[in-house]
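Have a look at the structure below, then the notes.
We name chains A, B, ... by the order of the sequence lines, and we start the count at 1 in each one. These values consider heavy atoms only, across backbone and side chains, with no hydrogens, waters or symmetry-generated copies.
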Number of protein chains: 2
Amino acid sequence: MIVEGIRQMLRPETDLHIVAQAHDGPQALAVLASQPSVRVALLDLNMPGMSGVELTRAIRADWPDVRVLVLSMFHDHATVAEVLEAGGAGYVLKTASRAELSTAIRQVAGGNTYFSAEVADTLLQNLQILAASPQPDQRPALTRREQEILQFIAREYSNLQIAEELFISERTVETHRRNLLAKTESKSVVGLIQYAIRHKLIS
Amino acid sequence: MIVEGIRQMLRPETDLHIVAQAHDGPQALAVLASQPSVRVALLDLNMPGMSGVELTRAIRADWPDVRVLVLSMFHDHATVAEVLEAGGAGYVLKTASRAELSTAIRQVAGGNTYFSAEVADTLLQNLQILAASPQPDQRPALTRREQEILQFIAREYSNLQIAEELFISERTVETHRRNLLAKTESKSVVGLIQYAIRHKLIS
DNA sequence: GGCAGCCTCCGTACCAGTACGTATTTTTTA
DNA sequence: TAAAAAATACGTACTGGTACGGAGGCTGCC
């Protein structure tokens, strides 16, 4: 029903060719297998059986050149993020007009991404969490020197190598290393690296 | 000059109070030190001396409650990403209208983020790279057992502990560990953990 | 049946990191 | 300027990972 609706909706757009359609996940995968010309897969996130996210992931895994455009009623952050993580290239709300939908398809086909305005808002709102949020980080901060040492550790330098690099004694490096382990409450370099990554001190 | 222009521009917005102004980075930091009531710092990315990104970082480090709104002529991805990474909460182009600028200030003051439309586009375009890009990951896959071992290593288990946990010999764990190091091309457990995190095998 | 890949196990040797204690100099902060 | 924090440095001892080489059993596939 919905599939047919979209088909009718896009009929006037003469540059868009609907080459196939399917009613659930497995069917979609089967269709893709026999239709090498598909460039964009437009799919309803809320489908029977296999979830839209799973299907997205499956498509991306088997046909990396097929761009996935997701159609959904909701735009909460968790869902949108999941779709992106699964490899979705666009996310359009079901309230979108024909004009918006066709624009989205063209954008996605062209290698770009497309997000409905509300979806984009959601994403940007959450960039805050990813990159710009005030982090109430109330643990003992690492000193400048310690952070520096940590950089080298993360690059798999040995204590001796670090010492030579910084023109200090190996013993000093050992001490810094000990303090790092204590401050990050890790038993070994393993926890240290995880701490560093979590706190975006490296990579 | 620019500072004065913005001041005049925002004068009609009666709910916004300009409590201080500065002409370069160090001056801004000094002003902040003496003005505890500042909630939003509006700064030109292209300033003399200290770069806007540096100033952003400095502000976030010393006054985590001050929200930084950046004003810039450009919106290339590298620059925007840098600002975000430094802790900026918003990014407005200099072509913005008074209405947009005041909206941005209010959004940022309210704990949200704000990005001019073009900037938002740039960001969304690059989400593709962050989250939806096809990753040609053509390295030897880890076996089930190896992944299992890796989980324990990430949790800071020693070889002996892993052995006991899995009812196998410590030697076997050592061998798996060696194979893991080889497959991930890392010199030590340091690289191993980074590999695991990058490939979402842990945490 | 044979081959490949995985999981299992052993020994020897070495080195790097870790634990713990102590102490001086330099820099920052109160 | 005194106190606190950071950076510097040393010694001893021990543990745990790493390098290297070898080997047998099991499963699944051609």
Side-chain angles (χ1 to χ4, degrees), chain A residues 137-197 199 201-202, chain B residues 26 29-30 32-34 36 57-58 61-64 138-197 199 201-202:
Chain A
D137 205 339
Q138 226 47 40
R139 86 195 59 216
L142 301 187
T143 67
R144 200 167 311 155
R145 199 53 154 177
E146 284 165 352
Q147 294 193 34
E148 205 174 346
I149 304 278
L150 183 48
Q151 299 294 329
F152 284 108
I153 294 177
R155 286 185 218 139
E156 308 201 36
Y157 279 56
S158 72
N159 283 346
L160 179 59
Q161 287 175 314
I162 300 174
E164 283 169 352
E165 202 70 31
L166 298 177
F167 304 107
I168 57 179
S169 154
E170 194 179 348
R171 302 318 177 92
T172 306
V173 179
E174 282 172 17
T175 303
H176 283 309
R177 200 174 187 126
R178 251 192 299 163
N179 293 337
L180 279 167
L181 288 179
K183 282 189 180 175
T184 60
E185 288 172 9
S186 29
K187 286 207 279 285
S188 68
V189 77
V190 172
L192 200 52
I193 297 301
Q194 297 185 18
Y195 174 96
I197 289 179
H199 294 262
L201 298 177
I202 59 174
Chain B
L29 291 173
L32 274 173
S34 64
R57 212 182 302 274
D62 291 347
W63 297 276
Q138 226 47 43
R139 88 192 59 212
L142 303 186
T143 67
R144 200 167 313 154
R145 200 53 156 176
E146 284 164 353
Q147 293 193 33
E148 206 174 345
I149 303 278
L150 184 48
Q151 299 294 330
F152 284 108
I153 294 176
R155 287 185 217 139
E156 309 201 35
Y157 279 56
S158 73
N159 283 348
L160 180 58
Q161 287 175 313
I162 299 174
E164 283 168 352
E165 202 69 30
L166 297 178
F167 305 106
I168 57 178
S169 153
E170 193 179 349
R171 301 319 177 92
T172 307
V173 180
E174 282 172 18
T175 304
H176 284 307
R177 199 173 188 126
R178 249 190 301 162
N179 293 338
L180 279 167
L181 288 178
K183 281 189 182 175
T184 61
E185 287 173 8
S186 30
K187 284 206 281 285
S188 68
V189 76
V190 172
L192 200 51
I193 297 300
Q194 297 186 25
Y195 174 96
I197 290 180
H199 290 74
L201 298 177
I202 60 173

Phosphate-side-chain proximity, [X] and [N], N/O vs OP1/OP2 below 4.0 Å:
X: A/Thr143; N: D/dA7; result: yes
X: B/Arg177; N: D/dT18; result: yes
X: B/Asn159; N: D/dG16; result: no

Keeping the roles fixed (side chain from [X], backbone from [Y]), state whether a donor-acceptor pair exists under 3.5 Å.
X: B/Glu174; Y: B/Asn159; value: no
X: B/Thr172; Y: B/Ile168; value: no
X: B/Glu156; Y: A/Val190; value: no
X: A/Thr175; Y: A/Arg171; value: yes
X: A/Gln194; Y: B/Ile193; value: no
X: A/Gln151; Y: A/Glu148; value: no

*Count the heavy atoms belonging to other residues, nucleotides or ligands that lie under 6.0 Å from CD of B/Gln161, then report whether that count exceeds 12.*
yes
At what distance, to the nearest 0.5 angstrom, does [atom1] of [X] lie from [atom2] of [Y]?
X: A/Glu170; Y: A/Ser158; atom1: CD; atom2: OG; value: 7.0 Å
X: B/Phe152; Y: B/Gln147; atom1: CZ; atom2: CD; value: 13.0 Å
X: A/Arg155; Y: A/Glu165; atom1: CZ; atom2: CD; value: 8.5 Å

Look at all strands and tell whether [X] reaches a base, only sugar-phosphate, or nothing, counting heavy atoms closer than 4.0 Å.
X: A/Thr175; answer: base
X: B/Arg145; answer: sugar-phosphate
X: B/Thr172; answer: base
X: A/Asn179; answer: nothing

Atom-pair distance ([atom1] on [X]; [atom2] on [N]), nearest Å:
X: A/His176; N: D/dA9; atom1: NE2; atom2: C1'; answer: 10 Å
X: B/Leu160; N: D/dG16; atom1: CG; atom2: C1'; answer: 10 Å
X: A/Leu180; N: D/dA6; atom1: CG; atom2: C1'; answer: 13 Å
X: A/Arg171; N: D/dC10; atom1: CZ; atom2: C1'; answer: 6 Å
X: A/Arg144; N: D/dA5; atom1: CZ; atom2: P; answer: 17 Å

*Looking at the side chain of B/Glu174, which of D/dT18, D/dA9, D/dA7 is the nearest nucleotide?*
D/dT18
_chain A footprint on DNA chain C, 5' to 3' - any atom under 4.0 Å from a heavy atom_ = C/dG17 to C/dG21
*Divergence of helical axes at both termini of the helix from C/dG1-D/dC30 to C/dA30-D/dT1 - five pairs an end, 10° steps*: 60°
*For A/Ser158 and for A/Arg178, find the nucleotide of DNA chain C with the closest heavy atom, then tell me which residue's nucleotide is more 5'.*
A/Ser158
_By nearest heavy atom, map B/Phe167 and A/Tyr157 onto DNA chain C; which one lands nearer the 5' end?_
B/Phe167
